[in-house]
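Numbers here simply count residues along the sequence, with the first being 1.
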Amino acid sequence: MAAIFGLLFTLYLFTFNGQFTSIDEFALYARAESIVQQHSFDTPQLSFAAYHNHVGDSEPGYAIVAAPLYLIARNSGRLNNIHVLMLLNPLLTAMTAALLYAIAAQLGYSRMAGMIAALTFGLATLAWPYARTFYREPLVAFGWTAALYSLIRWRYADDKPFAALALALIGGMVFVKATAVVGIFILLAGLARTRDRKQLKRAALALTLLFLIAAILFQIVYQLRYGELWGTDSLTDWTMAASVRRIYGQLFSPGKGLLFYMPVITLTLPGAWLLSRDHRAVTLAATMPLLTMTAAYSTYGAWYGGQSWGARFLVPALPLLMLTIAPLWDEAKRWRPLSAAVIGAGVIWQLPVIVTNWWAAYSPLYESGKMAEDVAGMTAVSLSPPLIQWKSWAISNFDLLWLHPDLDGILHFSPFGLGLFATVIIAGGMGWLIWRQRFAAGWFALPPLAAASILLLFGGTAVTGYQGMTVLEGAQAAAWLNQHPEPYTVVTLSNEFHIYFYQANFTGHFIHHWLSPDQTDGFDPILDAAKGKWVSLMIDRVHKRPEASGQELEWWLNAHLFRADSAWVGGYELTRYANLPLNGWLWQPADLRFGDMFDVGLTAVYQQDFTRIDDNVVGVQIEICRHENLPAYHNLFVHLVGSETVIHGFDGPIRYGGMVAETWQDGECLIERRAIPIPADAPPGQYDLIMGFDDENGRVLANGRDEYAVLTQIEIKE
């Protein structure tokens, strides 16, 4: 088991690319982040998706399992958050293959047969491509395989605690994917291993009860996800013809069928027949999940799994199905050369999609029509993505973390890939020694640990950027946004999902809101859930569509928070706000007039003496009334002036452009909020808090005094 796990895990990390291919993966990542950062299942990181990239809610199980990895990434302070979480599926898939080997051994098959079955699953099926993703299916595959292993331990070795473990695993997978309820058929392996009539009746009664429990559990999960119970409304568009077409599509079609994506499935038919001769109940457990999943998704309009590689929804059933390879290897010895050839060809068949970007091969099918998988993908062999991938792959479009083209199309190589390759060779050599019983299995933990360490320490600098945001820009933006003491709040304003990678560099304790430029109101949840004293905003000016101003959120924050400073990274505007309480301030009369433009009636200052620490800030509230004509240009400044230095605030017009003549009426008063961060190295002493206005001709007068008005004094202490 150790050798199979170690070899596959190191190989999966060698072919790791560390990128999401779908917003569904980012949604799962966001929920894992929220569990750790907010102790909640809410995902404010996905608010933008409602306008641009629709993504449905999902069951919480996968995010709960991934959350400990996010906690490790957060506490490390230097690891790529996304890469750490994306280790989950390589880990799960390698463990699933190892369990498959253990099941074959429990059933009495040879070591070689068990190894062939495990490696066939790990290298010749969709398991390998999906080990490179952050989808939920590999977790269900692991849960079902572990449940079957537990049931076999219970029935064949009389390890009673494993029966409870199997039930927990099968039930738990429903909270990963509601359709995993079909895993109840795995229980046949434990409940039907007898011909005694009395025991069969008991088994039938137990299975009926479990079906009822499973149905109730499924309805609970379905209600939590969709807000309604599954029933006749879910089948309104169902017809027998549509169901048959979708079953064909999942299994045999050029566009999505398992037959085209993993030809090794042809071996499972004779393998299942051989398995049934000695282990009928196990055969049912190994094959029924695939059949029931196929039938279940034939009632679903998006049976093809969206923009994904092959029949994604069927991935959980693949390890159980590959168990049939073990009896085929042991009992059909004269067919071994043919079986080996099919398995070897199956491994080679997976290589193009493992090392290159599969979207190039999928896009001809996707672009052939709105319902491409339902129409063109059913019969057009020329549009089959696996065939196109095999015919068109080249080193120029490699998609490995350590070998990929940069944004200019130039192939980028990172030397740490050689280190990953070395761990694969070492794992293979150690596996051979373990197989020959010349090496202790415990030492096999070293290659996987070495591979993970190499990838996490050096892979973060090798990620692929996106058009409009380079890797360096993403890292710089993230560093600016999370520069504050913890906790803090980050707000992203963008319509482009593919810039998600910059969040991999966020550190510490924070909450992240991602909104769309198309959203023009409803911003209160940001402040309702804000963490800490600082709120940072990143506005994507690169990808913003012309018809969306993207200013409504910025102006709303200008009115509700205390703007402190701003910066630019490429085409991304970064702004920092102090999130100070709005009540309990001591207001003082000012009675100031700035030319014929503004009157200042009241002012208030948040805290007037400080000890020099990093997160101190002077907050200022100023009641400003428009007087006569609002000038086309005006610049309000608020600074701290000491005997040795000036601590500058962030200059700008009223509300930083959020108030214009059309909306600000003559005589109307508003509260202007400004913040002045105090540097930790600011000289101690007394400072004048000053304010004034510039216009296009220079400074304007304040009550007859040149340059500025002094609002109060601030003391900075050692």
Side-chain angles (χ1 to χ4, degrees), residues 96 99-114 116-118 120-121 125 141 143-160 162-163 165-167 169-170 173 180-211 214 251 258 264-296 314 316-333 335-336 339:
T96 302
L99 280 174
L100 202 58
Y101 172 83
I103 292 172
Q106 286 284 325
L107 296 178
Y109 295 108
S110 67
R111 295 171 67 212
M112 179 62 73
I116 294 294
T120 299
F121 161 72
T125 72
W144 282 357
T145 308
L148 180 59
Y149 172 77
S150 300
L151 285 167
I152 291 173
R153 284 288 300 267
W154 168 46
R155 296 301 291 173
Y156 287 70
D158 200 30
D159 287 337
K160 292 182 175 60
F162 280 93
L165 177 60
L167 289 173
L169 286 166
I170 292 173
M173 291 305 103
V181 70
V182 303
I184 192 171
F185 287 103
I186 298 170
L187 295 173
L188 294 171
L191 296 176
R193 186 179 175 262
T194 179
R195 294 188 178 182
D196 181 86
R197 183 168 296 180
K198 181 180 286 189
Q199 291 189 24
L200 282 173
K201 287 182 178 179
R202 291 176 180 174
L205 180 62
L207 195 60
T208 301
L209 181 61
L210 287 170
F211 266 114
L251 299 178
L258 290 182
V264 74
I265 196 174
T266 55
L267 298 179
T268 62
L269 289 176
W273 179 75
L274 292 172
L275 181 64
S276 67
R277 296 195 307 186
D278 297 319
H279 306 286
R280 186 173 301 172
V282 174
T283 306
L284 289 173
T287 56
M288 285 300 290
L290 176 71
L291 299 177
T292 51
M293 288 284 276
T294 305
L314 301 185
L318 298 182
L320 303 181
L321 194 65
M322 290 304 112
L323 181 62
T324 61
I325 300 297
L328 184 65
W329 187 265
D330 269 358
E331 299 178 26
K333 295 182 180 180
W335 297 104
R336 277 184 183 176
S339 298

- Message: Nearest 0.5 Å, please: how far is CG in L169 from CZ in F162?
- Response: 10.5 Å
- Task: Using side-chain contact (heavy atoms from CB on, under 4.5 Å) as the criterion, point out the one residue from L321, L269, V282 that pairs with T287.
- Result: L321
- CG (L314) and CG (L251) are apart, to the nearest 0.5 Å, by 6.5 Å
- Query: CZ/F121 to CE/M322 distance, rounded to the nearest 0.5 angstrom?
  - Reply: 9.0 Å
- Message: Contact between T324 and L267 at the side-chain level, heavy atoms closer than 4.5 Å - yes or no?
- Response: no
- Minimum-distance pair of heavy atoms, taken over all atoms of M173 and G143: SD-CA, 3.8 Å
- Query: Does some side-chain heavy atom of I325 sit less than 4.5 Å from a side-chain heavy atom of Y109?
  - Reply: no
- Message: I'd like to know whether L320 forms a side chain to side chain contact (heavy atoms under 4.5 Å, CB included) with L290, so could you lay out the CA-CA distance, the side-chain angles of the two residues, the decisive distance to 0.1 Å, and finally the verdict.
- Response: CA-CA 9 Å; L320 303 181; L290 176 71; over 6 Å; no
- Item | Atom pair CZ/CG of R280 and L284 - distance to nearest 0.5 Å | 8.5 Å
- Closest heavy-atom contact between Q106 and I152? CB-CG2, 3.6 Å
- If we only count heavy atoms from C-beta on, is the T145 to L323 side-chain gap below 4.5 Å? no
- Task: Over all heavy atoms of both residues, which pair between W144 and P316 is shortest? Give the atoms and the distance, please.
- Result: CE3-O, 3.6 Å
- State, yes or no, whether a side-chain contact exists between P327 and D278 at a heavy-atom distance under 4.5 Å. no
- Looking only at heavy atoms, the pair that brings L328 and G271 closest together is CB-CA, 4.1 Å
- Task: Could you tell me whether the side chain of T125 reaches within less than 4.5 Å of the side chain of V264, counting heavy atoms only?
- Result: yes
- Atom pair CH2/CD of W273 and E331 - distance to nearest 0.5 Å: 9.0 Å
- Tightest non-hydrogen contact, residues L100 and P319, listed as CD1-O, 3.1 Å
- Task: Check G114 against Y101 and note the closest heavy-atom contact, atom names and distance.
- Result: C-CD1, 3.4 Å
- Apply side chain to side chain contact (heavy atoms under 4.5 Å, CB included) to I116 and R111, showing your working. CA-CA 9 Å; I116 294 294; R111 295 171 67 212; over 6 Å; no
- Task: Spell out, as yes or no, whether a donor-acceptor pair under 3.5 Å connects the side chain of T283 to the backbone of S276.
- Result: yes
- Nearest 0.5 Å, what's the CG-OG1 distance between L275 and T268? 11.0 Å
- Query: Are any non-hydrogen side-chain atoms of L148 and R153 less than 4.5 angstrom apart?
  - Reply: no
